[in-house]
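Comments concern the structure below.
Throughout, a chain's letter reflects where its sequence line sits, starting with A, and its residues are numbered from 1. Predicted model, so just to flag it, every value in this text is computed and none were measured.
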There are 2 protein chains.
Amino acid sequence: MLTESTLIDAGGSAAGAGALLSILRDGRPRTRAELAQLTGWARSTLSLRLDALMHQRLVAPTDDAIHSGGRPATTFAFNQSARVVLAADLGVTHARLAVTDLATNPLAERSAEMPIDRGPVPVLTWLVETFHELLAECGRGLADVCGIGVGLPGPVEHGTGTPVNPPIMPGWNRFAVPEWLSARLGAPVLVDNDVNIMALGEYWAVRSQVQHLIFVKVGTGVGCGIISEGRLHRGAQGAAGDIGHIRVPSFEEVVCRCGNTGCLEAVAGGGALAARLREAGEDASASRDVVELVRAGNVRAVQAIRQAGREIGTVLAWVVNFFNPSFIVVGGDIAEAGEHLLAGVREVIYSTSLPLATQHLNILTSDLGDRAGVTGAAVMVIEHVLAPEVVDQAVTALSAEG
Amino acid sequence: MLTESTLIDAGGSAAGAGALLSILRDGRPRTRAELAQLTGWARSTLSLRLDALMHQRLVAPTDDAIHSGGRPATTFAFNQSARVVLAADLGVTHARLAVTDLATNPLAERSAEMPIDRGPVPVLTWLVETFHELLAECGRGLADVCGIGVGLPGPVEHGTGTPVNPPIMPGWNRFAVPEWLSARLGAPVLVDNDVNIMALGEYWAVRSQVQHLIFVKVGTGVGCGIISEGRLHRGAQGAAGDIGHIRVPSFEEVVCRCGNTGCLEAVAGGGALAARLREAGEDASASRDVVELVRAGNVRAVQAIRQAGREIGTVLAWVVNFFNPSFIVVGGDIAEAGEHLLAGVREVIYSTSLPLATQHLNILTSDLGDRAGVTGAAVMVIEHVLAPEVVDQAVTALSAEG
DNA sequence: CTAGTTTTGCTTGACCGTCGACATAAGACG
DNA sequence: CGTCTTATGTCGACGGTCAAGCAAAACTAG
């Protein structure tokens with residue numbers, strides 16, 4: 001069997017351009033002299049590499065030059081607009097699509113009702129159409145697209161990009177999302193669980209200060225995404241972060257939709273809160289109604305959410321001891337209904353977890369809000385496409401053809 | 001300020017030798033032709049790199065050649081005996097030292113009573129002396145030592161290798177262990193928490209099958225080490241894995257040595273078990289006595305251990321949902337007292353955790369037993385010293401001087 | 001407007017790593 | 001013992017990288 005392997009770098013002509021780009025990716029403009037010192041290359045070599053990146057339009061000279069008495073030095077910076085990313089966050093009932101630049105800034109965005117249970121072909125067909133519209137909106141074409149990132153509301157085998165036995169996505173099991181999409185959009189496709197993607201998005205927002213982060217989504221259900229040393233921890237079956245079905249104390253009688261009893265989700269999830277408020281005579285059928293009630297100042301709803309925060313905090317207190325993150329970001333419908341949930345979470349964590357672990361721990365609501373998903377989908381693509389090896393390969397391929 | 005930075009590879013003469021070694025590190029002998037194909041290098045280049053590694057004695061030709069009609073091809077394999085590693089597992093009362101080869105095989109080993117509370121200088125002085133004796137025992141000298149790995153029973157800041165506010169190591173706080181040891185033994189020193197090191201050791205034993213592993217140590221206290229994607233997760237303050245002070249349900253009244261109540265350790269730790277058995281009239285003052293009782297067939301002790309397994313299993317069931325490991329290895333004094341603890345752990349995890357997460361989960365006792373610590377200490381050193389960049393640097397340094 | 005200063009682009013020659021080809025070594029087979 | 005086959009060492013060629021130097025460019029200061 002022929003493996004055609006090149007386990008180690010090919011030593012191609014412009015190899016190293018990727019390393020240069022990864023220095024410039026922080027966005028700071030730099031002069032040639034600075035870059036030569038940082039890379040350790042000769043000025044001539046550096047110019048070669050820089051030219052290669054400029055031909056790819058991944059780097060561009062900035063307007064402001066540095067004046068130091070003589071000829072001003074032109075500075076070069078990462079060109080965020082070189083390519084665009086198509087990012088999709090598909091929820092159970094709702095979808096958000098965006099075209100972003102290479103720094104996750106949105107160029108065009110759309111949010112719409114789109115039930116996932118319509119099945120893969122209708123949903124993805126709509127997705128392709130909408131991406132075309134959004135591209136037109138911001139004056140870009142398919143040629144500018146460097147990759148497509150998709151978040152799905154269920155377990156996804158990230159290696160192949162296919163959903164596996166998703167409980168709430170009828171028809172999607174083992175559907176080859178990447179193949180289907182890349183055949184129609186002509187770019188690499190990456191797929192992952194929606195909570196993982198939101199964790200990536202939140203990590204991106206604080207990446208300069210933080211290595212270990214937990215993102216907790218409290219919507220109809222409860223789940224979390226785990227970032228260890230800046231990388232997503234997916235677990236052996238890609239099932240990591242499923243804290244919604246952890247059994248919490250003193251609620252052994254509550255039945256969960258998963259069939260077990262006492263699950264966190266059945267106690268503190270949006271669906272459970274709605275049901276409890278309904279029993280108390282309030283008008284609430286879904287997680288979103290609970291948020292409405294809280295916004296309207298309904299005392300019972302506020303109390304319920306705060307108590308839910310305490311229950312979730314109990315589980316997160318364990319997580320803090322076990323995982324020792326420096327950030328916990330809480331997002332999802334229920335978290336966005338104000339600080340009530342967070343208050344409950346903080347109350348329990350700071351009183352229960354180890355002082356060493358809580359000392360420098362930040363517990364916050366998401367700054368990105370419902371944009372965390374699309375941001376994370378874009379991050380997933382950007383991290384892949386702008387990885388040094390991939391850039392080197394692209395640069396050499398282009399310089400080879402002329 | 002001069003940074004003298006070379007962020008990107010120096011392009012030194014024999015760079016790439018490290019990559020070659022990392023291929024050979026699986027121990028399988030290979031011919032030049034195979035290696036050339038695997039690396040993608042020309043045969044001549046490959047021979048150059050191979051020579052460099054052979055000069056370092058890191059690779060050696062094997063005796064058996066492959067006969068294929070013409071001139072037989074000599075095969076080359078990683079030479080595990082090229083260097084030795086000094087590994088130390090310092091417990092609270094007990095210490096185990098070993099000299100190992102580059103595949104963690106013990107060449108000489110010693111286990112002794114050595115209370116950690118004698119303070120850093122007496123303990124480390126004894127350690128240096130004993131290492132000299134062990135080296136003499138297996139006919140090696142300090143020149144053969146490529147690194148020293150140490151495990152300590154408390155929180156360690158791995159970057160600097162110093163203990164920080166250890167609760168049970170008087171005098172060790174902020175003691176610069178690496179500097180002290182490397183000044184006397186002339187080799188790089190790596191220090192980490194003992195549980196982390198044991199996790200590394202257990203991971204090493206199953207690394208071909210497993211990416212995500214949890215090692216649980218049940219001794220006087222309870223703690224765990226976390227391996228994510230083959231790398232140790234230490235957490236933001238290096239405090240990850242502290243499951244001993246997670247509060248478990250229905251034991252809110254039990255007081256823990258940490259001052260809180262209801263901690264797992266206060267319910268299921270070896271110290272707690274001894275106390276409970278003592279109350280019941282048995283003769284047990286420490287965790288080791290509990291093991292004795294179990295070995296002697298004492299029913300109360302067996303029941304106590306099995307119940308402790310259930311309590312620990314409760315916490316591990318949460319961990320399984322959150323982290324989704326593929327292996328859980330249980331070690332420490334209490335775990336080695338037979339299958340009783342494991343039975344309790346399995347009972348709870350398989351009945352409580354999500355089916356998806358438990359489907360391919362293995363829950364085992366340690367094969368390495370009380371050797372997990374020294375093995376892990378050796379692994380820590382080997383992974384560092386045999387990392388491609390480090391090997392490249394060593395090879396170029398040697399070829400430069402002649 | 002001119003002289004001074006610093007960056008930038010271009011060229012050259014030298015060096016070193018890598019490659020491919022050729023010659024030689026080592027064992028198998030008849 | 002000679003021939004065949006395959007492995008291995010050696011050597012020249014190629015190409016990428018570097019350092020140095022020079023000329024042009026671009027701005028400041030007077």
Side-chain angles (χ1 to χ4, degrees), chain A residues 5-20 29-55 59-77 392-393 395-396 399-400, chain B residues 4-20 29-55 59-77 392-393 395-400 402:
Chain A
S5 68
T6 313
L7 286 183
I8 300 167
D9 87 58
S13 60
L20 179 58
R30 268 173 266 246
T31 66
R32 284 181 153 93
E34 288 175 301
L35 289 171
Q37 215 210 336
L38 281 166
T39 55
W41 299 332
R43 278 189 297 283
S44 50
T45 312
L46 180 95
S47 285
L48 236 62
R49 304 268 159 87
L50 209 54
D51 283 352
L53 290 179
M54 296 211 291
H55 268 102
V59 167
T62 55
D63 287 337
D64 36 32
I66 289 180
H67 299 261
S68 54
R71 172 174 175 172
T74 42
T75 56
F76 299 86
D392 279 356
Q393 210 182 324
V395 166
T396 46
S399 67
Chain B
E4 188 83 33
S5 69
T6 313
L7 285 183
I8 300 169
D9 87 59
S13 59
L20 179 57
R30 270 174 265 247
T31 66
R32 285 181 153 93
E34 288 174 303
L35 289 171
Q37 216 211 335
L38 281 167
T39 56
W41 298 332
R43 278 187 299 281
S44 51
T45 310
L46 180 98
S47 285
L48 235 61
R49 304 268 159 87
L50 210 52
D51 283 351
L53 290 178
M54 295 211 292
H55 268 102
V59 168
T62 54
D63 285 338
D64 37 32
I66 289 179
H67 299 261
S68 54
R71 172 176 174 172
T74 43
T75 57
F76 299 86
D392 279 356
Q393 211 182 323
V395 166
T396 46
L398 191 107
S399 66

For dC19(C), take OP1 and OP2 only and decide whether either is under 4.0 Å from a side-chain N or O of T45(B). yes
Has R43(B) got a side-chain N or O lying under 4.0 Å from the OP1 or OP2 atom of dG9(D)? no
Backbone of A77(B) reached by a side-chain donor or acceptor of T62(B) within 3.5 Å: no
Base, sugar-phosphate or nothing for T74(B)? Non-hydrogen atoms, less than 4.0 Å. sugar-phosphate
Would you classify S47(B) as touching base, sugar-phosphate or nothing, given that sugar-phosphate means primed atoms plus P, OP1 and OP2, and contacts are heavy atoms under 4.0 Å? sugar-phosphate
Over how many whole Å does the gap from L46(B) atom CG to dA7(D) atom C1' extend? 13 Å
First locate atom CG of L46(A), then atom CD of E34(A), and finally report the distance between them rounded to the nearest 0.5 Å. 11.0 Å
Report the distance from atom CG of L48(B) to atom C1' of dC19(C), rounded to the nearest whole Å. 12 Å
What is the distance from CG of D63(B) to P of dG27(C), rounded to the nearest Å? 13 Å
Take T31(B) and A42(A), find for each the nucleotide of DNA chain D with the closest heavy atom, and name the residue whose nucleotide sits nearer the 5' end. T31(B)
On the nucleotide dT5(D), are OP1 or OP2 found under 4.0 Å from the side-chain N or O atoms that R71(B) carries? no
Closest non-hydrogen contact found for D392(B) with A17(B) is OD1-N, 3.2 Å
Rounded interatomic separation in angstrom, taking CZ from R30(B) and C1' from dT8(D): 20 Å
Of S44(A) and A73(A), the one whose closest DNA chain C nucleotide lies more 5': A73(A)
How long is the line joining CG of D51(A) and C1' of dC10(C), in whole Å? 12 Å
What are the two closest non-hydrogen atoms of R43(A) and A36(A), and how far apart are they? CG-CB, 4.4 Å
How many Å lie between CD on E34(B) and C1' on dA7(D), as a whole number? 13 Å
Distance (rounded to the nearest 0.5 Å) between T45(B) OG1 and L50(B) CG: 12.0 Å
From CZ of R32(A) over to P of dA26(D), roughly how many Å is that when rounded to an integer? 13 Å
Distance in angstrom units between Q37(A) CD and dT7(C) P, rounded: 13 Å
